[in-house]
**Student:** 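Could you have a look at this structure, given as structure tokens, before my questions?
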2 protein chains.
Amino acid sequence: MANRFVQKLSGLADLDADDAAALERVTAKPRRYVARQDLIREGDEPGPMFVVLEGWVCRYKILPSGSRQIMAFLMPGDACDLHIKLLAQMDHGIQAITTASVATVSREQMESMMRDHPNIARTMYMAQLVDEGIMRAWIVSMGRRSAAERVAHLICELYLRARSIGLTGEGEFALPLSQLVLADALGMTAVHINRVLKELRLAGAMALTRGSVTILDPVKLVQIAGFDENYLHRRLLLTGLSAR
Amino acid sequence: MANRFVQKLSGLADLDADDAAALERVTAKPRRYVARQDLIREGDEPGPMFVVLEGWVCRYKILPSGSRQIMAFLMPGDACDLHIKLLAQMDHGIQAITTASVATVSREQMESMMRDHPNIARTMYMAQLVDEGIMRAWIVSMGRRSAAERVAHLICELYLRARSIGLTGEGEFALPLSQLVLADALGMTAVHINRVLKELRLAGAMALTRGSVTILDPVKLVQIAGFDENYLHRRLLLTGLSAR
DNA sequence: CGCAAGTTTGATGATTATCAAACAGGGTGG
DNA sequence: CCACCCTGTTTGATAATCATCAAACTTGCG
């Protein structure tokens, strides 16, 4: 099975066989985490860079009130901040959502790889820019979209991201997120998201069942979401969601 | 007057006179923008890196519905993404809020400076990490804080950021943002923010008048916001807001 | 089989948006 | 210099969205 890290970065720029080999080398020895296990916690001193190879992971923060906000989902192929070591301590936690296989890349490995493979360096900086774009899109969603629009937008985002690492089927993909997790990501309650999902199902846009999403009508879903895939900066935009 | 860019980066790490001189050199020829003028628009091809020297600037996006969401405020000393040139087109716009003086740094200047001054490179990567932390904090605010908490949190953030570039007075600072602009940043309406401001004023926490904010009770404001300045990654945390 | 986690539905209430309108201030042109 | 206009602020009335509380139901698993 293809290394998801290589696959993801290939979706952003061209990598040659040599680059791919280097990427596979630094992620050769992943570690397993079980669901709910923290990779690193708020307040911890940052360590190596994480690269998710299998399973889903999230960045999150717990507020004094006890409520949780998820700020990002990392799926296979995704890495956390390259330069994270520069900070004295983490301002948020990173946790496995499902069982996950995660490689760690030390700062030294990172630096030598980026020095020897300028193409990889460029592509990883692009990936970082895309991740920032995703965060901005979340801010837009939280600020200006209704609950239904927000759900639809997130599903569009996750579908395209999953697609670029070969994890989607025909208008359908595996989404191992409970409604509570989705609620924590979208800033709403599990009760309300449940009602919104019902609404989207009845509207014939999408249907979420345990562990997987079916996109019933891509055009309708994109329209509800007000989704513009531009911010994901993939090459081959024509192969996107609505043009399926 | 001190160069705000130097001043801001000095708040994150130590820079020597040589570093400071290099930073001043690349920002020596700023350009003026009037309020509401775009530095760059969504869809444009990214150009040089921007460094704000005077005035306020924001990242924003206009939705199909016509509503606007501001995703970041840039104040003097703040720079936009180092590697932005790697993307084919902007996924959001950047606009002056007030009259602003903005320097542009070309990719070549950038690269040679970062090669010759590893300290600057490290510090700018730190600044980028802090900016990402600020975005995550915005996501948390939008997702899990009430309108009043969100306003209080933003004011705490902006106060500390202004403070680190020497723009604050005694429990008071200049904030050239209209209530409409604040609303667009916080994902609410101008009408509602006005009521929230009144509430915060009556509670004796803070008072916003045209162009400036007075922090009436730092402890109370921090408490309402649930503010933890850790994510700004300043050195000298003891000199923060609540310990005034 | 029984428990734990997750999903679904109902009833009610709080928060925030929307619509409407009055008011204040700053700048411009007659 | 004043009238006017534009932008921004403030207040009121009403409605939509979403949270909260409560409880039944469903599914997977030891």
Side-chain angles (χ1 to χ4, degrees), chain A residues 34-37 56 63 65-70 95-99 141-154 174-203 206-214 224, chain B residues 34-37 56 63 65-70 95-99 141-154 175-203 206-213 224:
Chain A
V34 300
R36 302 223 174 113
Q37 189 177 355
W56 286 57
L63 297 196
S65 69
S67 64
R68 177 172 77 151
Q69 178 66 43
I70 289 174
Q95 187 174 84
I97 295 177
T98 63
T99 305
S141 270
M142 309 275 263
R144 292 292 180 215
R145 282 194 252 261
S146 71
E149 292 164 355
R150 232 148 49 196
V151 171
H153 199 278
L154 180 63
L175 188 77
L177 307 179
S178 71
Q179 294 182 7
L180 183 62
V181 168
L182 286 171
D184 281 348
L186 293 168
M188 32 202 279
T189 58
V191 170
H192 194 227
I193 213 177
N194 182 276
R195 292 190 234 259
V196 166
L197 286 171
K198 182 177 177 181
E199 186 189 307
L200 288 170
R201 181 164 14 95
L202 293 180
M206 56 166 278
L208 184 145
T209 60
R210 271 164 193 271
S212 95
V213 175
T214 307
I224 291 172
Chain B
V34 301
R36 304 223 172 112
Q37 189 177 355
W56 287 56
L63 298 196
S65 69
S67 65
R68 179 173 77 151
Q69 178 65 44
I70 288 174
Q95 186 172 86
I97 295 177
T98 64
T99 304
S141 270
M142 309 274 264
R144 292 294 180 213
R145 283 193 251 261
S146 72
E149 292 164 355
R150 231 150 50 199
V151 170
H153 199 278
L154 180 64
L175 188 76
L177 307 179
S178 71
Q179 295 181 6
L180 184 61
V181 168
L182 286 172
D184 281 348
L186 293 168
M188 32 202 279
T189 59
V191 170
H192 193 229
I193 212 174
N194 181 274
R195 292 190 235 259
V196 166
L197 286 170
K198 182 176 179 183
E199 186 189 307
L200 288 170
R201 179 163 17 95
L202 294 179
M206 56 166 277
L208 183 146
T209 61
R210 270 162 195 273
S212 96
V213 175
I224 291 172

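Chain identifiers are assigned alphabetically (A, B, ...) following the order of the sequence lines, protein sequences preceding nucleic acid strands; residue numbering begins at 1 within each chain. Nothing here was measured: the structure is a model prediction, and the numbers come from that model.
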**Student:** Toward the 5' end of DNA chain D, which comes first, A148(A) or R36(B), by nearest nucleotide?
**Tutor:**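 First, find each residue's nearest nucleotide; the 5'-ward one identifies R36(B).
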**Student:** dA4(C) P sits how many Å from R210(A) CZ, rounded?
**Tutor:**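 Taking CZ of R210(A) and P of dA4(C), I get 16 Å after rounding.
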**Student:** Find the distance between CD (Q179(B)) and CG (N194(B)) and round it off to the nearest 0.5 Å.
**Tutor:**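 Rounded to the nearest 0.5 Å, the CD-CG separation comes out at 4.5 Å.
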**Student:** Could you give the start and end, 5' to 3', of the contact zone on DNA chain D for chain A, using atoms under 4.0 Å from its heavy atoms?
**Tutor:**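 The contacted stretch runs from dC18(D) to dT27(D).
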**Student:** Does the side chain of V181(A) come within less than 4.5 Å of I70(A)'s, by heavy atoms?
**Tutor:**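 Counting from C-beta outward, I70(A) and V181(A) do come under 4.5 Å.
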**Student:** Counting C-beta onward and ignoring hydrogens, is there a side-chain heavy-atom pair between L208(A) and V151(A) closer than 4.5 Å?
**Tutor:**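 No, every pair of side-chain atoms sits at 4.5 Å or beyond.
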**Student:** If I take atom CZ from residue R201(A) and atom OG1 from residue T209(A), how far apart are they, to the nearest 0.5 angstrom?
**Tutor:**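 Result: 9.5 Å between the selected atoms.
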**Student:** Within this structure, what is the CZ-NZ distance for the pair R195(A) and K198(A), rounded to the nearest 0.5 Å?
**Tutor:**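 The NZ atom of K198(A) is 9.0 Å from CZ of R195(A), to the nearest 0.5 Å.
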**Student:** Report yes if the side chains of L197(B) and M206(B) come closer than 4.5 Å at any heavy-atom pair, otherwise no.
**Tutor:**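 Yes - at least one pair of side-chain heavy atoms lies under 4.5 Å apart.
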**Student:** Using a heavy-atom distance cut-off of less than 4.0 Å, which residues of residues 181-197 of chain B contact DNA chain C?
**Tutor:**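 Nucleic-acid contacts, sorted: G187(B), M188(B), T189(B), V191(B), H192(B), R195(B).
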**Student:** Take atom CD of Q179(B) and atom P of dA17(C), then tell me their distance rounded to the nearest Å.
**Tutor:**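 Q179(B) atom CD is separated from dA17(C) atom P by 14 Å.
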**Student:** Is there a donor-acceptor contact under 3.5 Å from the side chain of Q69(B) to the main chain of D184(B)?
**Tutor:**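 The answer is yes, because a donor-acceptor pair under 3.5 Å joins these two groups.
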**Student:** Is the backbone of R150(B) close enough, under 3.5 Å, to the side chain of S141(B) for a donor and an acceptor to pair up by distance?
**Tutor:**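 Looks like no, no N/O pair under 3.5 Å.
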**Student:** Specify the angle, to 10°, made by the local axes at the two ends of the helix from dC1(C)-dG30(D) to dG30(C)-dC1(D) when five pairs are taken at each end.
**Tutor:**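 Taking five pairs per end, the axes differ by 30°.
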**Student:** For R144(B) and dT15(C), give me the distance from atom CZ to atom P, rounded to whole Å.
**Tutor:**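 Nearest whole value for this atom pair: 16 Å.
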**Student:** Please check: side-chain N/O of R144(B) versus main-chain N/O of M188(A), any donor-acceptor pairing under 3.5 Å?
**Tutor:**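 It does hold such a pair.
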**Student:** Calculate, to the nearest 0.5 Å, the distance between atoms CD1 and CZ belonging to I97(B) and R36(B) respectively.
**Tutor:**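 I97(B) CD1 to R36(B) CZ: 10.5 Å, rounded to 0.5 Å.
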